[in-house]
Chemist: 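Right, I'll just put the structure down here and ask away after.
Since we're looking at a predicted model, the values are computed, not measured.
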Amino acid sequence: YLKGASFKIKHEEAYASLMKGLKELDLKGPCVPCDLVLIGDHAFPLAMNSRGQVLMAASLYGSGRIVVLGHEGYLKAFPALVENALTWLRGDGSDNLSVGVQRNVSAVADSLKKSSFQVEVVGAFSDKLGVGVYVTDAYSVGSDPTELVAFLKAGGGVLIAGQAWHWAATHPKENTLHQFDGNKVSGVAGIYFTERYGEVENLPVYPQIPSSWKTGRDFKDDLEFLLQGVSDFNLPSDYVSSEVLVHGPLAFPIGTTEDGRSFLAGAYYGRGRVIVVTHEGYLKFESMAPFWRNAIHWLDEGRRGVVGVMVDPALKILSTSGLKCEKTNFRKDLSVFVCTAYITEHLEEIQNFVAEGGGLLIGGHAWHWANTHAGQNVLTEFSGNKILTQMGLSLLEATISAGSYKAPVPSEASNDTSHFRHLLYRFAAHVTTGGKLNKHEEGCLKKLGSNCNVYLQMKAHDCFHYRQVLVALTDMLKRSGLPQVSDSCPVTTPKDRLLLSVGSAVYKFCPNPDALLPYLIKDNPAMPVVCNHKIKINVNTAGEKEWISTGLYLCPGMKTIVVIPAEIINKNWKIQIGCQTDDLHDKDELKRPPRVCERFPVTSEMMHVCNLWGGLIYLVAPPNTQVKGLEIVVKKAVTAPYYKSGVTTAAEWLTLRTAPSPWAELEFENIVLTVPSDVIRGLEHLDKVAALWDEIMRAIADLAAKPHKFPRKERFVTDVQISAGWMHSGYPIMAHHASAAELVGVKKGKELWGPIHELGHNQQRSCWEFRPHTTECTCNLWSVYVHEEVLGLNRAQVE
């Protein structure tokens, strides 16, 4: 739904209204249409041929609506479509039936004689006409259609038809996107006539909005202009810049790393242009002065207007451009506005300023914001992205390494794997039609998987381009299935790694996850469940968050509701599904999906939660929190083998150890062990295991000179694959499955060096460490001490 619009309408509803009663569109007549390019959140296609070319489209701008047809002849050829369009364009609830028709398309007036519309043929648009809808061809809007754009923005409807291929052929040195008259109106709403011919055929009218992977345009001329006198970009080590995701059909990378990550990019948006650089400090670099001079002129587009600069250090460099530069906040009368990505005022006005012809140069990173705003979505909530994301550019949390990077070769820009849509289109063809990827494209698939997950986090289901990406990824997973990965069947190919990487996000955000689930999880046997399971919560956290075990498990794709007490709603608590928190996205070989843990901020009394991969259910308590006697209720879940010292009796354990969950937890005085359930099925005397672990943890506390009761219990989680080493420290300590039997089978006289080594890491303090030199040394003090004092093994006997 649109913010700030006087109406609220979904694209699918608009499409249904526009195509009402139409079964097909026979375009095989004498008209040769042009291909339309769509950008932004609000533009969507109405007719698309089998090559993915858009021949008719609609969009929203401000409070108004627009329909664009790829040839003026379609106004006469499809009278039913035109009448549907006029009905939709006049807006919901409007009683204004007056339609102005430009005289060059007066045939429309003839076809509407029997309709309820009051039609007037006019020579040109004027606001004095008082019409609700204006109909014109793309050649009769005039070179300065400011009044018509203002009419559209204020709530008017515009039906415009034409093609730009003939104009482009007779104006070979002109920029069709910005100079063709029709684009001066339709472009503000994100629909562009292009110089490309549209292939004609008899098109069925689909029940849903059609989609395609066709890309926008060749940016060779733009890059040639921007890169005059520029051979490379030097990023110094004292600046940490973000990566920018280039995802819009009219967005393009300018500066990239060797592995295709962008730090400098541009885009067309409406009638204007934008350039983003991912650290504001680069705007003052003398070494980049030639580029900034080019950039300012590219953004100004020959107007030679005023360049307003909010960024003080940039003023000196930009003043050498030959254009008038002045220090100012945002003003509508500027030709180009220069600001940082941290600007928080005039965001919608700046978007409209660009859409209506202005230039925007914006610099800044998003990594610091993301690090200081945990749980918030950087693509939608970071102020700079509130401007940029609709323009097809988004600043990411990911960072770019310092270094010298060569400027791109303009003639190769159309094949650039730095563009998210281009690389995803190539991968989609590889999966669905067997198209071959070259070595460079294969090498970029790990980055593509990460970018897909980030992009899907936007949850912009009302945006046509977002739905396009989601539909394509869903289709890929349905066609190929998700690789069924395991320890004995690892995933090694770039294609399967990417599919495995995006499976969880696609499942989470697709419209019908239940229909997709059988394609993702092949072996998902039903398990007995318990209902309305109550769990008492007593928490006293110190300076760190703490997982609270529930003893419950969700099967893959299983949904449940957790009923939360009011005292902890919107207090930084989370529900976590899954114990395996290591991220494996950097691994070339995968023995499990790269990310299998999901967290949900507790924001309501009834929390609906689900995880594609399933997992143990936890509450995550924030630091410095005290609650006692609270109760949560889990509506439906599977019981897990869960032993808690002082709570679970020996008799209860004999029953609990047979619980169906594949994961088990043993919670002792100061440590929680999370292991595969098959390791504990035959374990009877847990009181002895608990007593020995209690003794071990007290010894660890003694050597650390701290109280025996830990402020937060340590955790061990065993996994089929972890992010680093055989084990690694942290919360939780991660270890391979092979260590599970060692953890639960601990005995006097039996070595346990590795686990105690990692527990020793967790006791290290920077004030007495000489990192990195002593990091793997002083932790072994605990291994030696525990083995000698608790396990009864001399240091000479232990390896």
Side-chain angles (χ1 to χ4, degrees), residues 11-12 15 44-45 48-52 204 206-215 247 420-437 441-442 445-446 448-486 489-526 554-559 585 590 592-596 598 610-614:
H11 291 163
E12 293 290 351
Y15 175 80
F44 57 96
M48 181 184 294
N49 65 21
S50 57
R51 285 188 57 199
Y206 298 101
Q208 285 87 34
I209 297 173
S211 65
S212 160
W213 274 107
K214 212 169 166 299
T215 52
H247 55 83
F420 172 69
R421 287 173 61 88
H422 176 83
L423 186 55
L424 189 52
Y425 167 75
R426 293 284 298 122
F427 180 70
H430 172 58
V431 172
T432 58
T433 65
K436 296 293 184 183
L437 297 177
E441 288 168 335
E442 278 196 355
L445 292 187
K446 192 179 290 185
L448 177 62
S450 175
N451 285 345
C452 284
N453 286 322
V454 170
Y455 182 84
L456 291 176
Q457 294 292 328
M458 281 197 295
K459 296 183 277 191
H461 291 90
D462 283 342
C463 172
F464 162 67
H465 294 297
Y466 179 89
R467 292 198 309 273
Q468 190 180 50
V469 169
L470 188 54
V471 166
L473 288 169
T474 303
D475 185 53
M476 278 188 262
L477 288 168
K478 283 186 173 180
R479 286 175 183 247
S480 64
L482 196 67
Q484 301 302 293
V485 63
S486 66
C489 185
V491 160
T492 57
T493 68
K495 169 190 166 183
D496 285 347
R497 281 203 312 269
L498 194 154
L499 292 172
L500 201 57
S501 171
V502 303
S504 183
V506 174
Y507 174 75
K508 187 191 304 185
F509 299 121
C510 75
N512 191 352
D514 290 338
L516 184 60
L517 186 60
Y519 297 93
L520 306 181
I521 307 293
K522 302 295 185 184
D523 183 18
N524 196 13
L554 285 185
C555 299
M558 182 178 176
K559 300 178 177 68
H585 276 101
L590 292 172
R592 68 152 169 88
R595 188 174 182 276
V596 293
E598 291 282 359
C610 176
N611 183 359
L612 172 62
W613 313 111

Chemist: According to side chain to side chain contact (heavy atoms under 4.5 Å, CB included), who are the partners of Asp475, at least two apart in sequence or on a separate chain?
Modeler: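 By the side chain to side chain contact (heavy atoms under 4.5 Å, CB included) rule, Asp475 matches Thr432, Arg479.
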Chemist: Under the salt bridge (charged side-chain N to carboxylate O under 4.0 Å, His left out) rule, what pairs show up with a residue in residues 507-521, not counting sequence neighbours?
Modeler: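 As it turns out, the salt bridge (charged side-chain N to carboxylate O under 4.0 Å, His left out) pairs with a partner in residues 507-521, which skip direct neighbours, are Lys508-Glu598, Asp514-Lys559.
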Chemist: Using the salt bridge (charged side-chain N to carboxylate O under 4.0 Å, His left out) rule, collect all pairs that involve residues 422-437, keeping only residues at least two apart or in two chains.
Modeler: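 Applying salt bridge (charged side-chain N to carboxylate O under 4.0 Å, His left out) to every pair that reaches into residues 422-437, excluding sequence neighbours, yields Arg426-Glu441.
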Chemist: Could you walk me through whether Arg497 and Leu590 satisfy the side chain to side chain contact (heavy atoms under 4.5 Å, CB included) test, starting with their C-alpha distance in whole Å, then the side-chain angles of each, then the deciding distance to 0.1 Å, before giving a yes or no?
Modeler: CA-CA 7 Å; Arg497 281 203 312 269; Leu590 292 172; 4.0 Å; yes
Chemist: Apply salt bridge (charged side-chain N to carboxylate O under 4.0 Å, His left out) to Lys446 and list each qualifying residue two or more places apart in sequence or on a separate chain.
Modeler: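 So Lys446 forms a salt bridge (charged side-chain N to carboxylate O under 4.0 Å, His left out) with Asp588.
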Chemist: What pairs with Tyr455 under ring-ring contact (aromatic ring centres under 6.0 Å, His included), at least two apart in sequence or on another chain?
Modeler: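 Tyr455 satisfies ring-ring contact (aromatic ring centres under 6.0 Å, His included) with His247, Phe420, Tyr466 only.
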Chemist: Got a second to check how far His461's NE2 is from Leu456's CG, nearest 0.5 Å?
Modeler: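 Rounded to the nearest 0.5 Å, the NE2-CG separation comes to 8.0 Å.
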Chemist: Using every non-hydrogen atom in the two residues, find where Leu517 and Pro556 come nearest and quote the distance to one decimal.
Modeler: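 It is CD2-O, 4.2 Å.
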Chemist: If you define the side chain from C-beta out and look only at heavy atoms, does anything of Leu473 sit under 4.5 Å from Leu470?
Modeler: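 No. Closest side-chain heavy atoms not under 4.5 Å.
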Chemist: For a quick test of reading the model, state the closest non-hydrogen atom pair linking Lys495 to Leu445 and the distance between them.
Modeler: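 Closest heavy-atom pair between Lys495 and Leu445: N-CD1, 4.1 Å.
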Chemist: For residues Ala505 and Asn453, report the shortest heavy-atom separation together with the two atoms involved.
Modeler: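 It is CB-OD1, 3.3 Å.
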Chemist: Mind checking what makes side-chain hydrogen bond (donor to acceptor under 3.5 Å, both in side chains) contact with His585, not counting sequence neighbours?
Modeler: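 Partners of His585 by the side-chain hydrogen bond (donor to acceptor under 3.5 Å, both in side chains) criterion, ordered by chain and then number, come out as Ser501, Asp583.
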Chemist: Has the side chain of Tyr507 got a donor or acceptor atom that lies under 3.5 Å from a matching backbone atom of Gly557?
Modeler: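 Yes: the side chain of Tyr507 pairs with the backbone of Gly557.
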Chemist: Quick one: side chain to side chain contact (heavy atoms under 4.5 Å, CB included) partners of Ser450, sequence neighbours excluded?
Modeler: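 Once residues adjacent in sequence are excluded, Ser450 has no partner under the side chain to side chain contact (heavy atoms under 4.5 Å, CB included) criterion.
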Chemist: Would you find a donor on one side and an acceptor on the other, under 3.5 Å apart, between the side chain of Gln484 and the backbone of Leu520?
Modeler: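 Pair found, side chain donor or acceptor close to backbone of Leu520.
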Chemist: Compare all side-chain heavy atoms of Ile209 with those of Arg467 and state whether any distance is below 4.5 angstrom.
Modeler: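 Yes; the side chains approach each other to less than 4.5 Å.
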Chemist: For Ser50, give me all partners under side-chain hydrogen bond (donor to acceptor under 3.5 Å, both in side chains), at least two apart in sequence or on another chain.
Modeler: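 Glu201.
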Chemist: Restricting to side chain to side chain contact (heavy atoms under 4.5 Å, CB included), what partner residues turn up for Val485, sequence neighbours left out?
Modeler: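 Listed in chain order: Val491, Leu500, Pro593.
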Chemist: Please round to the nearest 0.5 Å and tell me the distance separating atom CG of Leu498 and atom CG of Leu448.
Modeler: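 The CG atom of Leu448 is 5.0 Å from CG of Leu498, to the nearest 0.5 Å.
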Chemist: What closest approach, in Å, do Gly503 and Leu482 show between heavy atoms, and which atom pair accounts for it?
Modeler: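 The answer is CA-CD1, 4.2 Å.
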Chemist: Mind checking what makes side-chain hydrogen bond (donor to acceptor under 3.5 Å, both in side chains) contact with Arg595, not counting sequence neighbours?
Modeler: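 Partners of Arg595 by the side-chain hydrogen bond (donor to acceptor under 3.5 Å, both in side chains) criterion come out as none, since no residue qualifies.
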Chemist: Can you find a heavy atom in the side chain of Leu499 that is under 4.5 Å from one in the side chain of Phe427?
Modeler: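 Touching, per the 4.5 Å side-chain cut-off.
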Chemist: State the CG-OG distance between Asp496 and Ser480, to the nearest 0.5 angstrom.
Modeler: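 Going from the CG atom of Asp496 to the OG atom of Ser480 covers 7.5 Å.
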Chemist: Sequence neighbours left out, what passes salt bridge (charged side-chain N to carboxylate O under 4.0 Å, His left out) with Arg592? Give chain and number order.
Modeler: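 Listed in chain order: Asp719.
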Chemist: Please enumerate all residues that pass side chain to side chain contact (heavy atoms under 4.5 Å, CB included) together with Gln208, with sequence neighbours excluded.
Modeler: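 For Gln208, the residues satisfying side chain to side chain contact (heavy atoms under 4.5 Å, CB included) (neighbours in sequence not counted) are Glu12.
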Chemist: Which heavy atom of Ser504 sits nearest a heavy atom of Trp613, and at what distance?
Modeler: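 Shortest heavy-atom separation between Ser504 and Trp613 comes out as CB-NE1, 3.5 Å.
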Chemist: Sub-3.5 Å donor-acceptor pair from the side chain of Tyr206 to the main-chain atoms of Met48, do we have one?
Modeler: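 Between the backbone of Met48 and the side chain of Tyr206 there is no qualifying donor-acceptor contact (under 3.5 Å).
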